[in-house]
Amino acid sequence: MLDIKYIRENADEVGKFSAEKGVKVDVDALLENDAKMRELNGRLEELRKERNEIAEAGKKARPTEEQIARGRELKVEIEEIEKEFKGAEESFIKLIKEVPNKPWDDVPVGHTEDENVVAETIGKPTEFDFEPRNHWDIATHKGWIDKERAAKVTGARFAYIKGDLVKLQMAVINWVMKVLTDRTEIEKIIEQYGLKDVSNKPFEPVLPPYMIKTEMYDAMDRLGNGEDRYKIEGSDLWLQGSAEHVLGSMYAGEILEEKDLPMRMLGYATSFRQEAGTYGKDMEGIIRMHQFDKLEMESFTTAEQGFNEHLFFVAIQRYLLEELSLPYRVLQKCTFDIGKPNARGIDMEVWLPGQGKYRETHTADYMTDYQARRLKTRVRKADGEVELIHTNDATAFALGRILIAIIENFQNQDMSVSIPAVLRPFMYGQETI
RNA sequence: GGAAGAGUGGCCGAGUGGUUGAAGGCGCACGACUCGAAAUCGUGUUUGGGUAAAACCAACGGAGGUUCGAAUCCUCUCUCUUCCGCCA
C-alpha cells in the first residue's frame, strides 16, 4: 500500500504510473473518499471530546441529569457517524489497496512482458559436439523424474524426483547455505561486483511454515485474486507460493531496532502454485510444476539501505550462476512486468541448450516500503525515529529449474551429467551422475 | 480433540466501572556525584492520527455488546500455559 499523503500530493503521477503498470486505479474516487473520511473523522473527534469531558466530570462528582442526557445524545450521534465512517473506511481501503507501488526511476515503461530489456548477457550458449538433449529426455532415461506415476497419484504438473537428481538438489542447497551464511563469501561478492554501502552480514537460514493466513497473504500483496493459490479447505489458510510470503510477513506489527538491520533470511521451502492461466504451457519436463522447492532470500532494511540491498541480491544471483558456469542474461523488467507491489524487478534467464533458449530461473524484487506499510513492520532508527522498513526478496535458486539448467548445460553424449566443480564437495566427490 | 487458567508498555508486573495512556520494578537514554567506574540520586522513556507547534482523538490479543462513562462487566474469537487424549 502507498502512503495516502503521497497520493494526495502526487495524484497525477500516481495515475500515470498506475497506467504504465497496467493497473486500473480511480485516483479521483480515492481522494474523494479520503476527504469524506477526514471530514467524518473530524466530527467524530469533536463528539468524542465532549463525551470524554462529561466522563471526566463524572469522576469528581455524580453526573447530573443534564450530563447523562447529553451523554445519551452523544452516544447515538457517535454511533451513527462511526457507522458512516466505517463504511467510508472500507471503500477507502479497497481503493487504496488497488494503487500499485511507484516504479523506480530506471524501470523501462512497457505494456507487455516482451518489453523487458535485456541488460546484459553473460557467457555464451554452451556448445556441444553432439546434438544436446532436453532435460526431460535425459532425466526420464536416467529414471530421475517420474511424471507418469505422479499423474496417477496427484495429476498433471507433479513429479517424483529420484536418485542422483535428489542428491544433486541436496548438494545445491548445501552449497548455497554455505556461501550465504559465510561472512567472507558475502564480502567476496560485495567486492567482486563493486557494491558500495552494503552490509557484510550473513544470512540466517530459515525453515518457514508452508501455510499462511489470508490476512498476511493480503498484506504482502501476493494473494492477488487467489486464483494461482491453493486454499486449505475448512480453514483460513493458504499454501504459500514462495517463501517470500511467509518470511516477509514474519515480523508484521513489530518495531525492529536499526542495529539489527539488515535482517537477512535464507528460506528453504516447497512452494505451491496453481499455475492459473498457463494451461498447456511447459507441459514437458519439470519446468512448471504445481510444487517446487526453492531457496529464497528475504531482507529487511532501512529506507536508505533498500536499493543497495536490491543490487546486492542481484549480485548474489549472478555470483551463484557464474560459480556454476551457467550462461545467462539479466533482464530489467518493464513497468508492466515488475508486479504491483514492486518498485523494481530483475529477472535472470539461464541458457537451456536442450530447448535452445533462455528461460527464467531467478527474480529479484524490491518493494520499498509498500509491503511494510500494511504489514506494519517498522524500524526504530538510532535517533529514535520510527519508520517503515524496506523489503527485498530474490530467488537464490528455484531447485527444479536449476537442476534443469545443470542437466542441459552439463550433459554428455552418453546422457550422463557432469557435476559443476563447486558442487562436487557436496556430492562427496562424485563427478558425474 | 476434551477440561481449567491466562493474555496490560522493550521485559516483569499492579489495576474496587469514573484524577490509569496506564502504579511499581527491570532495562535503556541523558544528567549529577567520581580521576574514572560501580553504587546512589535526578530526569526522561508506547504507537498511530491531528497541528506551524499545541490542544485534541484512538489503541490494554482481536471483533461485537452493556453503560452518561469500560483495561475493568457480557458474548464470540484468536493465542499461550497446565492437565487428559492422540501422535512424528
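Hydrogens, waters and symmetry mates are skipped; everything else that's a heavy atom, side chains included, is used. Chain A is the first sequence line, chain B the second, and so forth, proteins listed ahead of strands; every chain is numbered from 1.
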S.K.: Between B:G69, B:C57, B:G50, which one does the side chain of A:E45 approach most closely?
M.R.: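 Side chain of A:E45 sits closest to B:C57.
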S.K.: List for me each residue that meets side chain to side chain donor-acceptor pair (under 3.5 Å) alongside A:E20, sequence neighbours excluded, and say none if there are none.
M.R.: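 With sequence neighbours excluded, A:E20 shows a side chain to side chain donor-acceptor pair (under 3.5 Å) to A:K16, given in chain and number order.
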S.K.: Would a line drawn from the ring center of A:W238 to the ring center of A:F272 be shorter than 6.0 Å?
M.R.: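 Ring-ring flag for A:W238/A:F272: false, centres at least 6.0 Å apart.
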S.K.: Taking for each residue the nucleotide of RNA chain B bearing the nearest heavy atom, is the 5' side occupied by A:R48 or by A:R380?
M.R.: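 Comparing both residues, the 5'-ward one is A:R380.
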S.K.: B:G49 phosphate, OP1 or OP2: any side-chain N/O from A:N41 under 4.0 angstrom?
M.R.: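 Indeed not, no polar side-chain atom of A:N41 lies that close.
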S.K.: So which nucleotide from B:U47, B:G50, B:G69 ends up closest to the side chain of A:V386?
M.R.: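 Per side-chain heavy atoms of A:V386, the pick is B:U47.
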S.K.: Can you tell me the base-pairing partner of B:C30? Count Watson-Crick or G-U wobble geometry only, both distances below 3.5 Å, and say none if there is no partner.
M.R.: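 Because both required distances fall under 3.5 Å, B:C30 counts as paired with B:G42.
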S.K.: For a quick check of understanding: with a heavy-atom distance under 4.0 Å over all strands, which category does A:K86 fall into, base, sugar-phosphate or nothing?
M.R.: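 Counting heavy atoms under 4.0 Å across all strands, the contact made by A:K86 is with sugar-phosphate only.
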S.K.: If you check every side-chain atom of A:K49, which of B:C57, B:G18, B:U47 has the closest atom?
M.R.: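 Of the candidates, B:C57 comes closest.
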S.K.: At under 4.0 Å between heavy atoms, what does A:K5 touch on the DNA or RNA strands: base, sugar-phosphate, or nothing?
M.R.: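 Sugar-phosphate, no base atom in range.
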S.K.: Only one of A:H245, A:E244, A:Q240 forms a side chain to side chain donor-acceptor pair (under 3.5 Å) with A:R222, so which one is it?
M.R.: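 Among A:H245, A:E244, A:Q240, the one meeting side chain to side chain donor-acceptor pair (under 3.5 Å) with A:R222 is A:E244.
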S.K.: Report yes or no: do A:R273 and A:H290 form a side-chain donor-acceptor pair below 3.5 Å?
M.R.: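 There is no such pair between these side chains.
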S.K.: Look through every strand shown and name the nucleotide pairing with B:A22 as Watson-Crick or G-U wobble, where both distances are under 3.5 Å.
M.R.: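 Looking at the geometry, B:A22 pairs with no nucleotide.
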S.K.: From the list B:A58, B:C68, B:U47, which nucleotide is the closest neighbour of the side chain of A:R51?
M.R.: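 Nearest to the side-chain atoms of A:R51, counting from C-beta on, is B:A58.
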S.K.: Can a side chain N or O of A:R378 be found less than 4.0 Å away from OP1 or OP2 on B:G48?
M.R.: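 Yes.
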S.K.: Can you check the distance between B:A58 and B:U77, where both ends of the measurement are the P atom (answer in whole Å)?
M.R.: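 Between the two P atoms, the distance is 29 Å.
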